[in-house]
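Before any comments, here is the structure.
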Amino acid sequence: MKTITDIKEANTLLQIYTGATLEIVMYSINLKRIALRLILPNVKEVIYIIGIGCESLDGRFNYKYVNLNISVEINHENNDSTTIIRDKSLKFILKTSGGFTLVQGIESEFGTSFDDFIKYRE
């Protein structure tokens, strides 16, 4: 299992998963953590992107043929940063105040809830 928190490294890996199916598969009860899963046909490894401190979500709960990108916008007035996970062509946007964690691995390596999925900080 590979864990990535660096935006440049995450975007490099996301380019490989262009055309994948995106699904929202987990969320915390207060929606502050949301897990997106990317699946490519005939590829054993999947990607999970965990949004931390989720602020807003615009889009459907699943898409085919995604082309995701992660970026950060900084509000210079109050020095806050917002992480944006987006597919411009499909109009999917997830905004977080706590960043993201991207994890790549075989599906059986992951748990089924945030408690046993990966270690996180909120």
Side-chain angles (χ1 to χ4, degrees):
M1 182 183 321
K2 181 178 185 178
T3 302
I4 298 171
T5 57
D6 177 76
I7 289 177
K8 186 176 179 182
E9 191 176 350
N11 282 328
T12 298
L13 185 58
L14 287 173
Q15 288 177 350
I16 296 169
Y17 278 74
T18 296
T21 297
L22 176 145
E23 302 170 321
I24 296 176
V25 292
M26 272 187 274
Y27 53 89
S28 62
I29 195 157
N30 62 3
L31 297 177
K32 286 296 188 182
R33 287 172 289 158
I34 295 176
L36 311 174
R37 178 173 56 196
L38 297 177
I39 302 170
L40 274 174
N42 303 318
V43 176
K44 288 182 181 181
E45 293 184 318
V46 299
I47 287 180
Y48 282 90
I49 304 171
I50 312 303
I52 302 168
C54 296
E55 300 293 332
S56 67
L57 172 67
D58 186 15
R60 298 189 336 239
F61 297 120
N62 59 52
Y63 289 95
K64 291 187 178 183
Y65 312 113
V66 296
N67 184 7
L68 290 182
N69 182 273
I70 301 173
S71 62
V72 172
E73 290 181 0
I74 298 176
N75 180 337
H76 295 289
E77 290 179 15
N78 58 13
N79 255 358
D80 285 343
S81 65
T82 301
T83 300
I84 301 172
I85 302 163
R86 158 187 330 205
D87 184 310
K88 289 181 183 177
S89 65
L90 295 175
K91 299 183 182 358
F92 174 86
I93 300 174
L94 174 61
K95 293 184 179 184
T96 76
S97 61
F100 74 96
T101 299
L102 184 150
V103 185
Q104 179 187 32
I106 297 171
E107 186 72 43
S108 62
E109 295 178 306
F110 300 103
T112 57
S113 74
F114 282 116
D115 293 333
D116 65 356
F117 185 66
I118 60 172
K119 300 292 183 198
Y120 65 90
R121 289 190 303 164
E122 188 171 291

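- Linking ILVMFWY residues whenever their side-chain heavy atoms come closer than 4.5 Å, directly or via other members, leaves Ile84 and Leu36 in distinct clusters.
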Go through Ile39 and Glu23 one step at a time and tell me if the side-chain contact (heavy atoms from CB on, under 4.5 Å) criterion holds.
CA-CA 8 Å; Ile39 302 170; Glu23 302 170 321; 3.7 Å; yes

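- The two atoms that bring Ile52 and Thr96 nearest to each other are O-CB, 3.2 Å, heavy atoms only.
- For CG of Asn78, the number of neighbouring non-hydrogen atoms (other residues, nucleotides, ligands) closer than 6.0 Å is greater than 12.
- Judged by distance alone, with hydrogens and angles left aside, the side-chain atoms of Ser28 form a donor-acceptor pair with the main-chain N or O of Arg33 at under 3.5 Å.
- Note that CG of Leu38 is 9.5 Å distant from OG1 of Thr18, once rounded to the nearest 0.5 Å.
- One finds the NZ atom of Lys44 at 10.5 Å from the OG atom of Ser108 (value rounded to the nearest 0.5 Å).
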Intermediate values then yes/no, side-chain contact (heavy atoms from CB on, under 4.5 Å), Leu14 and Asn69
CA-CA 7 Å; Leu14 287 173; Asn69 182 273; 5.9 Å; no

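- Atom CD1 of Ile47 sits about 9.5 Å away from atom NZ of Lys2, to the nearest 0.5 Å.
- Residues Thr82 and Asn75 are not in side-chain contact: their nearest non-hydrogen atoms beyond the backbone lie 4.5 Å or more apart.
- Atom CG of Leu94 and atom CD of Glu55 lie 10.0 Å apart (nearest 0.5 Å).
- Interatomic distance, OH of Tyr17 versus CD of Glu45, reported as 5.5 Å (0.5 Å rounding).
- Shortest non-hydrogen contact noted between Lys64 and Leu90 is O-CD1, 3.8 Å.
- Nearest heavy-atom pair, Ile70 versus Ile7, reported as atom, atom and distance to 0.1 Å: O-CG2, 3.3 Å.
- Screening Thr3, Asp6, Ile4, Thr5 for a side chain to side chain contact (heavy atoms under 4.5 Å, CB included) with Leu102, the sole residue that qualifies is Ile4.
- Taking both residues in full, the closest heavy atoms of Gly19 and Leu40 are given as C-CD2, 3.9 Å, listed atom of the first, atom of the second, then distance.
- Scanning all heavy atoms of the two residues, the minimum distance from Tyr65 to Asp87 falls at O-OD2, 4.4 Å.
- Tracing side-chain contacts under 4.5 Å through hydrophobic residues (I, L, V, M, F, W, Y), one never reaches Ile106 starting from Ile49; they form parts of separate clusters.
- Across Leu57 and Phe92, no two heavy atoms sit closer than the pair CD1-CE1, 3.5 Å.
- Judged purely by atom type and a 3.5 angstrom limit, Arg60 uses its side chain to pair as donor or acceptor with the backbone of Asn62.
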Salt bridge (charged side-chain N to carboxylate O under 4.0 Å, His left out) evaluation trace for Lys95 with Glu73:
CA-CA 10 Å; Lys95 293 184 179 184; Glu73 290 181 0; 5.3 Å; no

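- Linking Ile, Leu, Val, Met, Phe, Trp and Tyr whenever their side-chain heavy atoms come within less than 4.5 Å puts Leu31 and Ile24 in one cluster.
- No single ILVMFWY cluster, assembled from side-chain heavy atoms under 4.5 Å apart, contains both Val72 and Ile93.
- Atom CD1 of residue Ile50 and atom CE of residue Met26 lie 5.5 Å apart, to the nearest 0.5 angstrom.
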